[in-house]
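Take a look at the structure set out below.
Letters go in sequence order (proteins before strands), and every chain restarts at 1.
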Amino acid sequence: DTEVTQTPKHLVMGMTNKKSLKCEQHMGHRAMYWYKQKAKKPPELMFVYSYEKLSINESVPSRFSPECPNSSLLNLHLHALQPEDSALYLCASSSEQGFTQYFGPGTRLTVL
Amino acid sequence: QKEVEQNSGPLSVPEGAIASLNCTYSDRGSQSFFWYRQYSGKSPELIMFIYSNGDKEDGRFTAQLNKASQYVSLLIRDSQPSDSATYLCAVNMTYNFNKFYFGSGTKLNVKP
C-alpha cells in the first residue's frame with residue numbers, strides 16, 4: 001500500500017480564519033513533507049519532518065505552522081493567510097533512505 | 001544555476017510512438033532520480049526511480065541514467081493519449097536524502 005491521504009480535498013478560507021490541513025500515511029515512512037504548488041509550476045518544498053522532528057524549513061512565513069503529532073500524521077496549521085497563498089498543498093512521505101517519495105492527492109486551498 | 005533542468009515542452013508525439021523526456025542535473029552529489037507524472041489538477045504520481053547508471057525498465061517505461069554526463073531520461077514506448085501529462089524529474093542528494101529537487105516539468109501531448 002503506497003497511500004498518503006489528505007483532508008480536506010478543498011478548502012476556502014478568509015484571511016482572518018484559522019484552519020488546518022491533515023495528512024496521514026501508514027507505510028512506516030519516517031520522513032514527511034509539505035509542498036506548495038502553483039499552477040504550471042513544480043512542487044515547492046515547505047517543510048520536512050524526519051523521525052517526527054522538523055529537519056527542514058524552507059524559510060516559510062510563520063502564518064504556516066507545521067506539526068507532526070506522530071510518525072503517521074502531519075498537520076499544517078494556517079492563520080492569517082494571503083490570497084497569494086492560494087495553491088495546491090501536497091503532503092508526501094518517503095522511506096528512511098530517501099528512496100521513493102509518495103504524494104497524497106493534495107488540498108486545493110483558496111484564500112479570499 | 002538550477003539543480004534540475006527540463007525542457008518545458010510541450011513535446012508532441014503521435015499515438016504509438018516513443019516519447020523521450022530528458023532531465024539534466026548540476027550536483028554530482030545527486031543520489032537518486034525520480035520521474036513523476038502529473039495530470040492537470042492532480043498530484044504527482046511516481047512512475048520510476050533509478051539510482052544506478054544504465055537502464056531500468058518497467059512495462060512501457062524505461063529510465064536511463066548517465067552520471068558521467070549528469071542526465072537522466074524517461075522513454076515511454078507505445079505512447080497513448082492517456083500518457084498526456086506533465087512529467088517531473090526529481091533528484092535527492094547523498095548528503096541530504098530528505099531534500100528533493102524538482103525540475104520545472106515537461107508537458108507531453110500524445111495525439112491520437
TODO: Among the options A:Pro42, A:Ala92, A:Ala39, pick out the one with the most heavy-atom pairs lying under 4.5 Å from chain B.
DONE: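 Ranked by contacts with chain B, first place is A:Pro42.
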
Task: Selection from A:Ser50, A:Pro43, A:Ser55 maximising heavy-atom pairs under 4.5 Å formed with chain B - done: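 Ranked by heavy-atom pairs under 4.5 Å with chain B, first place is A:Pro43.
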
Hydrophobic clustering (ILVMFWY, side-chain heavy atoms < 4.5 Å, transitive) - are [Y] and [X] grouped together?
| X | Y | result |
| --- | --- | --- |
| A:Tyr33 | A:Met46 | no |
| B:Leu75 | B:Tyr51 | no |
| A:Tyr49 | A:Leu73 | no |
| B:Tyr71 | B:Tyr87 | no |
| A:Leu74 | A:Met27 | no |

Task: Within residues 83-91 of chain A, residues adjacent to chain B where the heavy-atom gap is under 4.5 Å - done: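 Within residues 83-91 of chain A, the residues that come under 4.5 Å of chain B (heavy atoms only) are A:Leu88, A:Leu90.
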
Is the number of heavy atoms from other residues, nucleotides or ligands under 6.0 Å of [X] [atom1] greater than 12?
| X | atom1 | value |
| --- | --- | --- |
| B:Asn7 | CG | no |
| A:Lys40 | NZ | no |
| B:Lys67 | NZ | yes |

- [ ] Over all heavy atoms of both residues, which pair between B:Phe34 and A:Thr100 is shortest? Give the atoms and the distance, please.
- [x]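 Looking at all heavy atoms of both residues, the shortest contact is CE2-N, 3.1 Å.
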
Task: Interatomic distance, B:Tyr36 atom OH to A:Phe103 atom CZ [nearest 0.5 angstrom] - done: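 Rounded to the nearest 0.5 Å, the OH-CZ separation comes out at 5.0 Å.
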
Task: Distance, nearest 0.5 Å, that separates CD of A:Gln101 from CG of B:Asn92 - done: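 It is 8.5 Å, given to the nearest 0.5 Å.
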
Task: Non-hydrogen side-chain atoms of B:Gln38 and A:Gln37 separated by less than 4.5 Å - done: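 Yes. Closest side-chain heavy atoms under 4.5 Å.
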
Open item on the list: Can you confirm whether A:Leu45 sits close enough to B:Lys99 that some side-chain heavy atom of one is under 4.5 Å from a side-chain heavy atom of the other?
Closed with: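 A:Leu45 vs B:Lys99: side chains touch.
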
Open item on the list: Quick check against the 3.5 Å criterion: does B:Ser43 have a side-chain atom that pairs as donor or acceptor with the backbone of A:Gly104?
Closed with: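 Side chain of B:Ser43 to backbone of A:Gly104: a pair is present.
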
Task: Toward chain B, the part of A:Gln6 with a non-hydrogen atom under 4.5 Å - done: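 A:Gln6 has no heavy atom closer than 4.5 Å to chain B.
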
- [ ] Examine whether an atom of A:Glu44 lies under 4.5 Å from a heavy atom of chain B, and if so say whether it belongs to the side chain, the backbone or both; otherwise answer neither.
- [x]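 Nothing of A:Glu44, per the 4.5 Å heavy-atom cut-off to chain B.
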
